[in-house]
Structure formats: C-alpha cells, structure tokens
Protein chains: 2
Amino acid sequence: MKDVAEHARVSVSTVSYVLNDSGPVAPERRNRVLDAVRVLEYSPNESARSLKRRSASTIGLVVPELTNQFFATVAEGVQKAASARDVLVVLCVPDATGQPEESHAKLLRGQRLDGVVFLSGTGTLPASILELSRFGPVVLVDEQIPGFDLPAVACDSRRGAREVARHVLDQGHRRIAVISGPSALWTAQQRLAGYREAVAGAGMDPDEVPILVGDYRQASGTALADQALSRPVAQRPTALLCANDLMAIGALEYCKSAGIRVPEDVSIVGFDDLPLSSLITPRLTTVRQPAHDMGYKAVTALFDLLENKESELLGLLPTTVQLRDSVAPPPAGSP
Amino acid sequence: MKDVAEHARVSVSTVSYVLNDSGPVAPERRNRVLDAVRVLEYSPNESARSLKRRSASTIGLVVPELTNQFFATVAEGVQKAASARDVLVVLCVPDATGQPEESHAKLLRGQRLDGVVFLSGTGTLPASILELSRFGPVVLVDEQIPGFDLPAVACDSRRGAREVARHVLDQGHRRIAVISGPSALWTAQQRLAGYREAVAGAGMDPDEVPILVGDYRQASGTALADQALSRPVAQRPTALLCANDLMAIGALEYCKSAGIRVPEDVSIVGFDDLPLSSLITPRLTTVRQPAHDMGYKAVTALFDLLENKESELLGLLPTTVQLRDSVAPPPAGSP
DNA sequence: TTGTAGGCGTTATCAG
DNA sequence: CTGATAACGCCTACAA
C-alpha cells in the first residue's frame with residue numbers, strides 16, 4: 001500500500017480513502033491512485049483489514065456431510081448468499097470422532113469467522129451448538145433446539161408430513177407404519193406430529209400406528225422396512241411413511257430384495273425430495289423442502305444478526321408434496 | 001493476550017512462547033499462563049497471526065457445483081485433509097455468470113488463502129486458472145491443462161475407459177456409440193482415447209465409432225441417446241459408452257421413455273460411480289474414481305508446494321470398473 | 001529464562 | 001481536501 005502511495009505521489013491515507021471511499025479525495029488524485037493500483041496489481045491484505053475492522057468477512061458453514069444432496073443444496077444456497085455479500089464461506093465438517101464441543105467452538109473463537117450457519121441434520125448434540133453460540137451468532141438450518149430459541153431457518157415439516165400422509169390415507173390405506181427420524185431431532189418430531197395429525201384426521205387412532213425409529217440414513221430404512229414388513233401379509237402395513245428420502249430409498253431397496261412390489265404391494269413415501277428421488281424406480285412420492293432457499297435465508301438472517309437487525313426469520317418456509325409413482329391404493333382385500 | 005499476561009503475572013512474550021512453544025519457559029510460569037488462558041477463555045486472534053506470519057492457514061476449494069456427488073466427495077476429502085492440518089477450507093463456487101478470471105484471482109490476491117484446490121469438472125476456462133496460479137499455488141483435481149503443467153491430482157481415466165469398453169466388447173457388442181464429454185476437457189479426451197484403444201484392441205476401426213459430444217450433464221445424455229438410438233434397429237448401436245454417470249443416467253432416462261430396454265436392447269456404461277448409480281434401475285456398470293482420495297491427495301500436494309517440497313504427485317490414481325446390471329450381450333441377430 | 005520494543009498492513013483520528 | 005500517526009493483536013530479535 002505504501003508502494004501504491006508512492007507511485008501515485010499521495011499518502012497512504014489517501015489510498016485508503018480511495019479504496020473504501022471513506023473520505024473526500026480530489027478526482028485527479030483518485031485517478032492517480034486507481035492507476036497505481038492497477039499498475040502494481042495491488043490488492044489489500046485482508047488479514048490486516050480484519051485485524052483492524054474486527055470482522056473477517058467470513059462465515060462458517062457446519063454440515064454433517066456433503067455427500068448428502070440435501071446438505072449440498074443448502075450449502076450452495078449459503079454460498080450464493082455469502083458471495084452476493086462478498087463474504088467467504090468456510091466449510092466445516094465436524095469429525096465424527098472427537099469432541100464436537102471443542103472443535104466447533106474453536107471456529108468462532110479465533111475471530112476468523114463472523115458467524116456460523118449450522119446444519120445439524122443428523123443430530124449433533126445441542127450442547128456443542130450452544131457452546132458455539134456463546135462466541136458469536138449462530139443460525140440453525142432445518143432444525144431447532146426446543147427450549148433455547150436460537151435463530152433458525154426451517155420449513156414447515158409438519159405440514160408437509162401431514163399432507164403427504166393425507167395423500168396416502170386418501171388412497172385408502174389404513175394399515176400404516178412410520179419410519180421416523182432420531183427422536184431428539186426437531187424435524188423428526190415435527191414430521192411425526194404431522195403424520196399423526198393426518199391419521200387422526202382420517203378418524204383413526206394415531207397411537208395404533210407403529211413407529212420405527214431410524215437415524216435418517218439409508219441403512220436404517222432398509223433394516224426398519226424389514227422389521228415393519230416381515231409379517232403375514234394380512235397384517236403387514238400397506239404403506240410406509242418415511243421421515244426422509246434416504247430411509248425411503250433404503251426401504252425401497254429392502255422391498256426389491258424381498259420381492260415386495262412398490263407400489264402394488266406397499267406404498268412408500270419419503271421426505272426431502274433429493275434429486276435422486278425422481279431418478280430411481282419407482283419415482284418416490286415425497287415432500288420437497290426449499291433447501292437452497294433455506295441456505296440463502298440462513299445467511300440473510302445471520303447478517304441481520306450481525307448488524308443487530310433483529311430479523312426474526314421465524315416464519316416457516318413452505319413445503320410441497322411431490323406426487324410420484326411410489327404410492328398407489330392398497331392391494332385389494334386389505335381392510 | 002495482555003490480559004492473560006497480567007493474570008499470569010508474566011509478560012506477553014512469555015505468553016506467546018507458551019502458546020507456540022517457541023521459547024523456553026519455566027514450568028511453573030508456563031502453568032500459570034495455561035491457567036490464565038483457561039480462566040479467561042483466551043484464544044489468539046487469527047487475523048493478527050496471519051498478518052504477522054504471512055500465511056492464513058486457509059485454503060480455497062473451487063468447485064463448479066456441490067450437488068454433483070462426485071464433487072461433493074472430492075470436497076469431503078479436501079476438507080478432511082485440511083482439518084487434519086488445522087487448516088480451514090473456503091468454499092468457492094464460481095458464479096456461472098461473470099468473469100471467472102477476476103473472481104478467482106481475487107481469492108488468492110487478498111492473501112486470505114494460502115493456496116487453492118481447483119476442481120474444474122465441467123470445464124472452466126484454463127485462462128482463469130492460469131490467472132489464479134500467478135498469485136499462489138494451485139492444484140488441479142481430476143483435470144489437467146495440457147501444455148501448462150500445473151500440478152494436478154488425477155486418476156487414470158484412460159485405463160478405466162479402456163477396461164470398461166473392453167468389457168462391453170467382450171460381451172460381443174460391435175455397434176457401439178460414444179457419448180463423450182466436452183472435448184476441451186482432459187478427462188473427456190482421456191476417456192475417449194481409452195474407448196478407442198479398446199475398440200482398436202478388438203480389431204475394429206476406432207474411426208467408425210460415432211462420437212457424440214455432450215457436456216457431462218444429464219440432459220445432454222438424454223438428448224444424445226435420442227440422437228444415437230433414433231434409427232432403424234438394425235443399424236442402431238447396441239451399446240452406449242458414456243463418459244460420465246450423469247450422461248449415462250440421462251441416456252437411461254431416454255431409453256425408458258422411448259421404450260428401449262436396458263440392458264436387453266442396448267447396454268449402457270458410465271464413468272464416476274456416483275453413489276446413486278447403484279441405486280437406479282438397472283444398476284449402472286461404470287468406472288469408480290477414488291474421489292475422496294483425490295481430494296485428500298490434492299491437499300497434500302498443495303502443502304508440499306507451499307513448503308517447496310517439490311512433491312510431484314503426478315502418478316495417476318487407479319480406477320476400478322464396477323460391473324453391474326446395465327450391460328448384457330447384444331440382442332440376438334445383431335452382427 | 002524473561003521482558004521490551006518494533007513492525008506486519010490497514011484504518012481512523014485529528015491536525016493542517 | 002490531505003497527511004502524519006496511533007492503534008489493531010501478535011510475533012520475535014535483542015537486550016537484560
């Protein structure tokens with residue numbers, strides 16, 4: 001920067017004024033500065049800037065795994081929103097082993113990050129998030145922590161679950177099983193609640209619907225489908241409500257290997273609308289979440305927070321049921 | 001830091017010595033410092049550190065899109081390798097619109113990033129990469145720029161392509177078409193070369209194999225499959241060699257909609273082994289690339305570069321053919 | 001073994 | 001409108 005100042009025959013402060021237009025500069029000298037910048041290919045040292053401004057123009061994105069396309073989509077939304085503000089996004093994939101408490105908190109403590117977008121997804125411990133939020137603003141995506149209202153951007157899982165369940169019930173299904181997500185997760189609770197509402201709405205007793213608790217991963221869908229469907233045909237559920245697509249796909253795999261036809265013998269629905277869900281056979285009936293939007297909005301909310309703007313982004317984003325091929329009326333002869 | 005020094009009744013330099021063990025400190029005073037750190041929850045300001053050390057302990061990861069699982073997997077490898085070194089990863093998804101030259105170069109210029117791992121994938125302009133590499137070390141993943149040997153971590157696409165093509169030929173296929181990737185891309189060239197080698201190896205003339213050039217995206221697979229297969233059955237290819245899985249999936253979609261059975265009427269192979277490729281029906285025969293490894297190795301190479309270690313990671317990583325259901329012998333009666 | 005002081009590249013304050 | 005100058009928080013000779 002000193003070089004630029006010399007080259008332009010002005011003082012460093014003038015250079016600074018020009019670069020941030022933070023002060024009045026005579027047009028002629030401003031041009032001299034701009035020229036010098038170009039000639040010398042100067043660009044300001046961002047570390048020094050952060051040091052002085054006490055802000056890093058960088059946010060963190062905590063995500064359990066990128067290979068899950070839902071997370072990847074949210075991440076893209078986050079990235080877009082951040083780069084629209086000229087802010088960098090640091091990718092944090094918490095190590096499965098080890099104390100998340102520490103590793104997360106370290107992120108914000110060094111002041112390299114101004115805030116964090118937290119995608120808890122497969123059930124990180126609330127403790128580690130709370131710890132993190134002591135050191136700076138944190139916005140949760142797709143999850144909430146009941147009792148601690150951290151700012152969160154989520155969507156109306158409950159409504160989506162209710163609607164997709166209603167669709168299944170409307171087809172005539174009465175023997176239904178739920179493959180739920182980890183019960184500690186808000187989304188899993190919401191979806192379950194939605195399913196139960198629909199069941200109640202159809203005049204059935206929600207308590208009679210078997211709930212199998214999975215972990216949102218494909219393998220658990222397979223295992224639980226086995227568990228749900230391994231019984232005499234007359235008692236076997238004719239529809240499986242899966243709390244996410246990955247488990248639904250696992251269930252589909254199970255059915256394929258067990259010779260159970262979908263949707264002829266059993267209907268299956270998922271939740272998330274992963275891109276691959278419309279590629280598999282049968283195409284999965286599911287609930288679309290605005291994943292990209294959620295990421296984008298989370299960043300917006302984070303910046304509002306950083307500027308004390310008190311933006312309550314608490315309104316839930318809408319979900320939309322995607323009707324596809326994995327649902328059909330129950331086989332003839334089932335009650 | 002001054003606070004810590006006061007609390008521990010030592011000088012700031014002692015604190016610094018302790019924190020980096022960059023100087024001898026009496027055990028008793030060291031403990032006092034460590035205590036103070038804990039009590040005050042002190043952690044060093046990383047911006048100041050970077051400023052002084054002229055290195056940010058941060059690398060950039062440029063990736064065309066995260067929703068592509070191949071990229072996501074590489075990204076996870078990058079993340080792992082970086083966090084093993086306590087280095088942050090900044091996610092850069094170049095804006096489709098706008099000058100990549102500028103936006104990329106900006107990354108390294110501000111010295112917030114020590115280096116960049118560049119995942120060119122769907123064909124970013126070499127110019128923008130070259131521009132970037134003027135300002136700091138850049139390691140390419142999965143691509144090379146012929147003529148400019150930038151350090152690159154890639155895998156042996158050519159061999160994989162040759163082997164999978166040979167498998168198809170071994171099944172008896174003789175009317176074959178290739179759905180290739182963008183001809184500017186090294187991977188596309190390599191794969192095409194591999195296919196041609198296999199064809200020549202089977203005693204056929206490679207120049208008689210029709211080459212349809214796609215863009216590695218699903219839609220182009222669909223369109224080109226249409227083009228390749230819309231002809232009298234007697235002349236229609238019995239096998240499609242697709243240069244990546246996405247296009248193979250597109251081709252599969254086309255076949256499904258056109259009532260062409262895979263693999264009974266036409267065999268299809270892909271390249272990449274995306275997780276979803278074994279989920280679709282029929283399960284796709286394809287070539288696995290060590291995506292995670294490539295990401296990991298790229299970071300290793302980048303750090304070697306940063307330390308002038310001259311690590312030539314030019315050895316190509318191995319690929320492995322995944323035999324699955326989308327290939328069968330050609331229909332009876334085809335030459 | 002410990003402390004003091006200077007500087008890393010910017011920005012902001014305050015005289016001119 | 002412009003230019004010295006003092007921080008920002010840390011590291012590191014160098015001196016004690």
Side-chain angles (χ1 to χ4, degrees), chain A residues 1-37 40-58 86-88 106-114 135-136, chain B residues 1-37 40-58 86-88 106-114 135-136:
Chain A
M1 175 151 154
K2 220 183 330 182
D3 292 350
V4 174
E6 259 167 42
H7 189 103
R9 287 163 300 146
V10 298
S11 75
V12 288
S13 22
T14 304
V15 176
S16 176
Y17 292 146
V18 172
L19 262 38
N20 315 290
D21 37 48
S22 53
V25 175
E28 189 250 355
R29 321 190 90 207
R30 138 173 276 111
N31 280 331
R32 287 217 310 265
V33 171
L34 260 21
D35 271 355
V37 166
L40 303 179
E41 288 193 318
Y42 164 81
S43 81
N45 180 313
E46 294 294 337
S47 303
R49 283 194 151 169
S50 314
L51 178 57
K52 188 74 208 185
R53 303 186 156 155
R54 349 191 103 263
S55 106
S57 297
T58 306
D86 264 305
V87 162
L88 297 185
K106 220 168 33 177
L107 291 175
L108 279 178
R109 277 217 299 246
Q111 311 189 45
R112 276 204 280 202
L113 268 39
D114 300 331
F135 295 96
Chain B
M1 177 153 154
K2 220 182 336 182
D3 293 349
V4 174
E6 260 168 40
H7 189 102
R9 286 162 302 146
V10 297
S11 77
V12 287
S13 37
T14 304
V15 176
S16 177
Y17 293 148
V18 172
L19 262 37
N20 314 293
D21 38 48
S22 53
V25 175
E28 189 250 355
R29 318 190 93 204
R30 140 174 273 107
N31 281 330
R32 287 218 308 267
V33 171
L34 260 21
D35 272 356
V37 166
L40 302 180
E41 289 191 320
Y42 165 79
S43 82
N45 180 315
E46 296 293 338
S47 304
R49 283 193 153 175
S50 320
L51 179 56
K52 187 79 218 195
R53 304 189 156 153
R54 345 188 108 267
S55 106
S57 297
T58 306
D86 264 306
V87 161
L88 297 185
K106 220 169 33 175
L107 292 176
L108 279 178
R109 276 217 298 247
Q111 311 188 44
R112 274 204 281 201
L113 267 39
D114 300 331
F135 296 97

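Model, not experiment: these values are computed from the prediction.
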* **Charged N-O contact under 4.0 Å between A:K2 and A:E6** =>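 No salt bridge links A:K2 with A:E6.
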
* Asked: Would A:D86 and B:K106 pass as an ion pair if we require N to O under 4.0 Å?
  ->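 So A:D86 pairs with B:K106 through a salt bridge.
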
* 5' precedence on DNA chain D between B:Y42 and B:Y17 (nearest-nucleotide basis) ->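 Upstream on the strand: B:Y42.
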
Please give, in whole Å, the distance from [N] [atom2] to [X] [atom1]?
{"X": "B:R53", "N": "D:dC10", "atom1": "CZ", "atom2": "P", "answer": "11 Å"}
{"X": "B:N20", "N": "C:dT2", "atom1": "CG", "atom2": "P", "answer": "16 Å"}
{"X": "B:K2", "N": "C:dG3", "atom1": "NZ", "atom2": "P", "answer": "16 Å"}

* Please name the pair of heavy atoms, one in B:A48 and one in A:L51, separated by the smallest distance, quoted to 0.1 Å. =>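 Result for this residue pair: CB-CD1, 3.8 Å.
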
* Respond yes when some side-chain nitrogen or oxygen of B:R49 is under 4.0 Å from OP1 or OP2 of D:dC11, and no when none is. =>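 Checking B:R49 against D:dC11: at least one side-chain N or O falls below 4.0 Å of OP1 or OP2.
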
* Asked: OP1 or OP2 of D:dG3 less than 4.0 angstrom from a side-chain nitrogen or oxygen of A:R29, does that happen here?
  ->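 So the side chain of A:R29 is within the cut-off, an N or O lying under 4.0 Å from OP1 or OP2 of D:dG3.
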
* **Residue from B:V37, B:V15, B:L40 passing side-chain contact (heavy atoms from CB on, under 4.5 Å) with B:M1** =>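 Answer after filtering B:V37, B:V15, B:L40: B:V15.
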
* **Contact nearer the 5' end of DNA chain C, comparing B:L51 with B:V10** =>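 Nearest nucleotide further toward 5': that of B:V10.
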
* Mark yes or no for a side-chain to base donor-acceptor pair under 3.5 Å between A:K52 and C:dT11, with no hydrogen or angle criteria applied. =>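 Indeed there is one.
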
* Return yes if the base of D:dA4 and the side-chain atoms of A:S13 contain a donor-acceptor N/O pair under 3.5 Å, otherwise no. =>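 Counting by modelled atom types and ignoring angles, a donor-acceptor contact under 3.5 Å is found here.
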
* Asked: Is A:T14 touching bases, backbone alone, or none of the nucleic acid, heavy atoms closer than 4.0 Å?
  ->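 Here A:T14 touches the backbone only, sparing every base.
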
* Which of these nucleotides, D:dC10, D:dC11, C:dG9, is closest to any side-chain atom of A:N45? ->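 Selected nucleotide: C:dG9.
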
* **Closest nucleotide among D:dC11, C:dC8, D:dC8 to the B:R54 side chain** =>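 Among D:dC11, C:dC8, D:dC8, the one nearest the side chain of B:R54 is C:dC8.
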
